[in-house]
Amino acid sequence: MPLYHNEDQAMLADTARGFIAEEGNIAKQLRHWRDRNCKDGFGHGLWKQMAEMGFTGMLVEEADGGLGMGHVEAGIVLEEIGRNLTPSPFLTSSVLAATALKHGSDDLRGRYLPGLIAGDSVAAVAIDETAKHRPERITTRAEKSGNGFKLSGAKSFVIQGASADMIVVAARTSGSDEDADGITLFAVPKDASGMSHDAVRLVDSSMATHTKFDGVELDGDTVIGEVDGGRAVLDAMLLAGRVGAAAEGVGVARGAMDMTVDYLKQRKQFGKLIGEFQALQHRASHLYSEVEIARAVTIKAQQLLDAGSVNAELMASVAKAKVAKTARLAVQEGVQMHGGIGMTDEYDIGLYMKRDRALAEFLGDAYYHANRVAELSGY
Amino acid sequence: MPLYHNEDQAMLADTARGFIAEEGNIAKQLRHWRDRNCKDGFGHGLWKQMAEMGFTGMLVEEADGGLGMGHVEAGIVLEEIGRNLTPSPFLTSSVLAATALKHGSDDLRGRYLPGLIAGDSVAAVAIDETAKHRPERITTRAEKSGNGFKLSGAKSFVIQGASADMIVVAARTSGSDEDADGITLFAVPKDASGMSHDAVRLVDSSMATHTKFDGVELDGDTVIGEVDGGRAVLDAMLLAGRVGAAAEGVGVARGAMDMTVDYLKQRKQFGKLIGEFQALQHRASHLYSEVEIARAVTIKAQQLLDAGSVNAELMASVAKAKVAKTARLAVQEGVQMHGGIGMTDEYDIGLYMKRDRALAEFLGDAYYHANRVAELSGY
Amino acid sequence: MADLEAFRTETRSWLEANCPPEMREPVRGEDDIYWGGRRATFKNDAQKAWLEACVAKGYTVPMWPKEYGGAGLSPAEAKVLREEMGRINARPPLSSFGIWMLGPALLHFGTEGQKQRFLNEIARGEIRWCQGYSEPGSGSDLVSLQTFGEDKGDHWVVNGQKIWTSYADQADWIFCLVRTDKTDKYQGITFMLFDMASEGVTTKPIKLISGSSPFCETFFDNVAVPKSYGDDCPAYVGTINRGWDVAKYLLGHEREMISGADGGERAAAIGAAMKRHAAKTGDDIDPVLRAELAMFDVDAMAYAAMGEKFLDEIKVGKAHPAQPNMMKYAGTELNKRRHELVMAVGGSRALEWESEATENGKPSKAWLRTKANSIEGGTSEVMLNVIAKRILDLPGA
Amino acid sequence: MADLEAFRTETRSWLEANCPPEMREPVRGEDDIYWGGRRATFKNDAQKAWLEACVAKGYTVPMWPKEYGGAGLSPAEAKVLREEMGRINARPPLSSFGIWMLGPALLHFGTEGQKQRFLNEIARGEIRWCQGYSEPGSGSDLVSLQTFGEDKGDHWVVNGQKIWTSYADQADWIFCLVRTDKTDKYQGITFMLFDMASEGVTTKPIKLISGSSPFCETFFDNVAVPKSYGDDCPAYVGTINRGWDVAKYLLGHEREMISGADGGERAAAIGAAMKRHAAKTGDDIDPVLRAELAMFDVDAMAYAAMGEKFLDEIKVGKAHPAQPNMMKYAGTELNKRRHELVMAVGGSRALEWESEATENGKPSKAWLRTKANSIEGGTSEVMLNVIAKRILDLPGA
């Protein structure tokens, strides 16, 4: 499969770009909700619109009412979301949770997918337990209790946890903290008694929760996939999420780069446009190269994932790491080249810097994934 | 103590700079011996001249016929050696071996120091056993045998091993390969039976040996310091050598930088001196900053070492790592900015690149020492 | 040396007697810093007592001459005072751009009358000054500034706009670069001093990405600035149309100050502290991040040595006059890298913007703040230009 | 597709029958490469047989038209041939700048007469060509070249000096940029073809830091170059004074070739191989170096994906026309970094210049060789300039 978008994908990209630039732009969404101190951190109206565009159910099978598309397509939408810093539940609900639910029972899929596809409900995922992403270690415990389970523990960095109608929780049902096996995924409904959220606003104005599970009683039918066999589901969810986050990061990088290159063509100092200064030209050209490369490997990872390749996992980590490094470079160069005004809240470039920071951290930063690349490569 | 040279040191620097630029310059030494395929890799005449200048015995106590100077002074000479890529036994003989011999018996000192100070003889050090510097692990073994020891094993990267009248060899007299204790240092004379050299020319035209010890019988009086207590001597020798290698590396970096900055002022392209191009200016300025910083920390390490500070070891690794990174940058920028002619053997800049590569590897590269900085800092 | 030791003993007991315990606590928030000025209020009695003790002793500006409110200390004595204050963690009694910037300019270029009046006001914390340099169209290219003072005989009428005036909304007076001759770019600027309460002066705070607003836009709409404030006290520093000399002097001073400040936090290694920090939250530091920390620590400790060397050399006049530009460049770039790593170790917790655990986003706000390091006081690009020109002597730089 | 499969089967059996076993071994030294030309000798019978089989089939230049010595393969068929040759590790039967550079120029700009003569000679390996572009004063600024051809009616008299002429001392003919009009910088250059045996041509090998001498300085001292070699066969490509168009076309082609070559070694991850390498010599890889390898592998695998995407896009005309500059920049910088890391893992052993264990310095010579990557065929700086101008559309670039 060639590493560019086919006709259908190019058409989708046009549509997504137009729609998100129009409805999901920074003024209309990120700043709007941020300046109103919105407790969700995103707008439900846009989420509904995204449903009407058919985005929400892209990764859901047609049999379940979705479009049965792949990660290349989801990535197209995510890149535009990244470029516009659009706050939405797309990555967590339509990519992560939707991927987990693929492994769920008919009953679970019927319970949650229609609302998600319709843009009426939101799902979150609860993976991390410490400040760094370490899904290899799960200490939150779910113990057999009657027909179901009793869930105890705590999760952090649950994006939109307080807004979610359902949270996918990775918990340990057997074994010890570091075991690969013994994990079970649960679809925990928002009204589960014993679940409490401490919601905090993050640097990019998104909302995340520290979520506590204090003996939360869960029916057996909340289990996604097999009891004790959740690692495979978790891995699939992480894989989809990382590739998706990489695509969003490509959008962040491209947005920051484009804004900066535009600025180089407008700002004058020393009687010249600053874009005439060769030192800045070379840095911009280098950034361009990096962004192109980051985008290429992200599409590669999407295609491998869609093709079910055994290399998808390695390439997902390559993409996540490369994009994290590249978007970091883009926002750093962006702020520096904007000079003083880059430090002001009035200009958008600083918002890119904030979003990059939160997005790169989500599901593992460049360090984590570079290390993973080494481990998967056997060194 | 202020971090610049005092009057005596500044005077020494003037002398050393003048002398080495005159007698030790690239045409007269490095190219001369290289083009003649000299089996020593350096000139004995210059070594004798260095003795006459008083350089050879700088670090030797006055009681032993030396000057009793410190590592700041040795570093002054080394920086000029680095700047001129002067091949000489100074670092191995006058710094490393001389430091080891400080711990030697009156007899040993009397046997080797006079020749060394007079520039009549040369000493080498045999530490590494694999291709990377790992002095934590010593497998070469010296077993009790009669009044003395029987030495078996192999060493590599023994600089000027085949030219040396004596080689300081770190061997294990007890314990297992990875033990800190159980090391003994020996002053092995060149005619020791059972010692054989495989001499190879290195990329920088220096000569090094793979040296084999096949049951070499050594008298007890060849032991430097205490039997089984050689780790302290080895550490002192490594410390002095690393700080010295850093100083030489500063010279390499400065030499490459100066040559490159000069070239930027001469070479024209696109109707301008290439030094007028801002992208090259910024890179040159960045390089200047790094070189200044590398030089500062090297002087700091020298002073701490001379003062017997407990921080000397940490700062030596900081300096070795920083200088290795900086000299690498200097030679890479140097070759690239020279363009095509930088790739020719006719121009000297490539010789800097070759010397940097060998010097940075000697006694641990930037990676090794950065890791050591982390370990010494407790993380 | 014996004198210095006597001075140290004396200083130690003076501090013991005069520095209130509350003033020996680390500065925790903006209101722990006393900036002085007409509208200043003390956070508590201790802050007031500490200021008054220092003013009486001349210790708000210890190296200034006594007649201008200082203590007339030698550099060596001032160092002892700093060390002794550091020993007990004594807070600075007074912070102000008057002390850091205008003062040095007046000491160098001012008339006796200006010194008598303005330096004493600054030393006592009576007048809070702000700096009017940059304009929206004149950042790195400062000398292209457009704010114009029309000569009306005994006064100028000033019109224009400044930006990045620190705390202009809280300042009493401004020292300000104003174009007074449009025909000469460099020799057409006057370094004026005037009251921010003058009619026609308005300010508008600028909200930064870190959420704080330490800077303002400042607008001058027909502001009348008299040419003199009395005998031997002109309203400008130096000579009319030669304000660029003063500005350049101050920029050099500023860079030196920024670069000289690097003995502290900026130059410190962080790996060990980061490991402890991570352990506290149950995190480990992954191997690749650890390697980055190690490489950073190498650079940080090397830079610390450079800072020490630079200060030693400055003292005896051995430093290249353009060396502060190198220090500023390297130090600010290093500091940005430091905070990137602190954020990386902090993980999702460090992302929190509004939370108790982070005291409302301290790590992320500090991180964002560092991004200005390489812009304010001369961008990294300008520093690199200056090194190329003045140190490396590259053509056309 | 069915046709392609048939072609694959056919090719496979042709290779089976015609590619001698000795030609299926990796190239181990310079003399394993057959460059052709008047003075060429075959290393062995297998090399000769393999060349002759390929010439007969048109496989030295598979995509060239049959009438010019090629096999007239489509891109898809050529890919199959490459894959099938790769499958059995078949060596290229013939390497030459005629195939890589002059050929494409002639196919695009040449007359029928030129194509008939020169392309066939190239395809059969009869004439070895070298390239005369750079001059000592004209490296990155190629168009400033000074070698001058004075018009003498039916011939030019050429004087000047070229540098970086690859294997000029072994070449039969040269394609060469010669100034024929001093009044117009761009439209005053002619792309000439002439015999290196002409009177007045001398060459002098340049010794490189890697010890090898693949390049020469080439001197022209009153070299008479006829304007024509017969019917429809001028001694220049394109039009007189318009040789810069040909040169630019070829430079683009060269960068595309360099960047297109990156599917292979350049783009590969190295960490795992390095670990195995280190283990063989009893070394470990320290944690900081491992982290650098991991970061490199991320960049290398990402670049490999970019290479794939670039080739896919080239095929359908979707790639930005200046994209080869980006590929060349990123690919060559990556390759330099790769060899730095290989040297680091190799430690002191890799430093050896003359030793059996390193086959006389293979690692260090390869490492030094990579330093030319970012200079030859357009420096990294020129690539960045081109990206700034042609892709980012930055002003004054």
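Proteins come first, then strands; the chains are lettered A, B, ... in the order of their sequence lines, and each starts at number 1. All values below come from the heavy atoms of this structure, side chains included, with hydrogens, waters and symmetry mates left out.
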Interface residue of largest heavy-atom contact number with chain D, from B:G339, B:A360, B:G342, under 4.5 Å:
B:G339
Most contacts with chain D, counted as non-hydrogen pairs under 4.5 angstrom, among B:A374, B:G340, B:A279, B:A366:
B:G340
For each of [options], tally heavy-atom pairs with chain B at distances under 4.5 Å, and name the one with the top tally.
| options | result |
| --- | --- |
| D:L289, D:I163, D:I285 | D:L289 |
| D:G282, D:A291, D:A278, D:A372 | D:A372 |
| D:V288, D:L368, D:L351 | D:L351 |

Sort [X] into side chain, backbone, both or neither according to what part of it lies under 4.5 angstrom from a heavy atom of chain B.
| X | result |
| --- | --- |
| D:V345 | backbone |
| D:I206 | side chain |
| D:A344 | both |

To check you understand the geometry: which heavy-atom pair defines the closest contact between D:G346 and B:A131, and what is its length?
O-CB, 3.3 Å
All donor-acceptor atom pairs under 3.5 Å, backbone and side chain, chain D-chain B:
residue, atom, partner, partner atom, Å
D:P136, O, B:R267, NH1, 2.6
D:P136, O, B:R267, NH2, 3.4
D:G137, O, B:Q269, NE2, 2.7
D:G139, N, B:Q269, OE1, 3.0
D:S140, N, B:Q269, OE1, 2.8
D:D141, N, B:Q269, OE1, 2.8
D:D141, OD2, B:F270, N, 2.7
D:K207, O, B:D345, N, 2.7
D:I209, N, B:M343, O, 2.8
D:I209, O, B:K354, NZ, 2.6
D:D283, OD1, B:T130, OG1, 2.7
D:D283, OD1, B:A131, N, 3.4
D:D283, OD1, B:K132, N, 3.0
D:D283, OD2, B:A131, N, 3.1
D:D284, O, B:R134, NH2, 3.4
D:D284, OD1, B:R134, NE, 2.7
D:D284, OD1, B:R134, NH2, 3.1
D:D286, OD2, B:Y368, N, 3.3
D:E340, O, B:R357, NH2, 3.4
D:E340, OE1, B:R328, NH1, 3.4
D:E340, OE1, B:R357, NH2, 2.3
D:E340, OE2, B:Q332, NE2, 2.9
D:A344, O, B:K132, NZ, 2.5
D:S348, N, B:A131, O, 2.7
D:S348, OG, B:A131, O, 3.3
D:R349, NH1, B:H210, NE2, 3.1
D:L351, O, B:V203, N, 2.7
D:E352, OE2, B:H210, NE2, 2.6
D:W353, N, B:R201, O, 2.8
D:E354, N, B:R201, O, 3.4
D:S374, O, B:Q336, NE2, 3.0
D:S374, OG, B:Q336, OE1, 2.6
D:E381, OE1, B:Q336, NE2, 2.9
D:E381, OE2, B:R283, NH1, 2.8
D:E381, OE2, B:R283, NH2, 3.0

Test side chain to side chain contact (heavy atoms under 4.5 Å, CB included) applied to B:A319 - qualifying residues, sequence neighbours left out
B:A246, B:V297, B:T298, B:A301
Answer with side chain, backbone, both or neither: which region of B:I274 has an atom nearer than 4.5 Å to a non-hydrogen atom of chain D?
neither
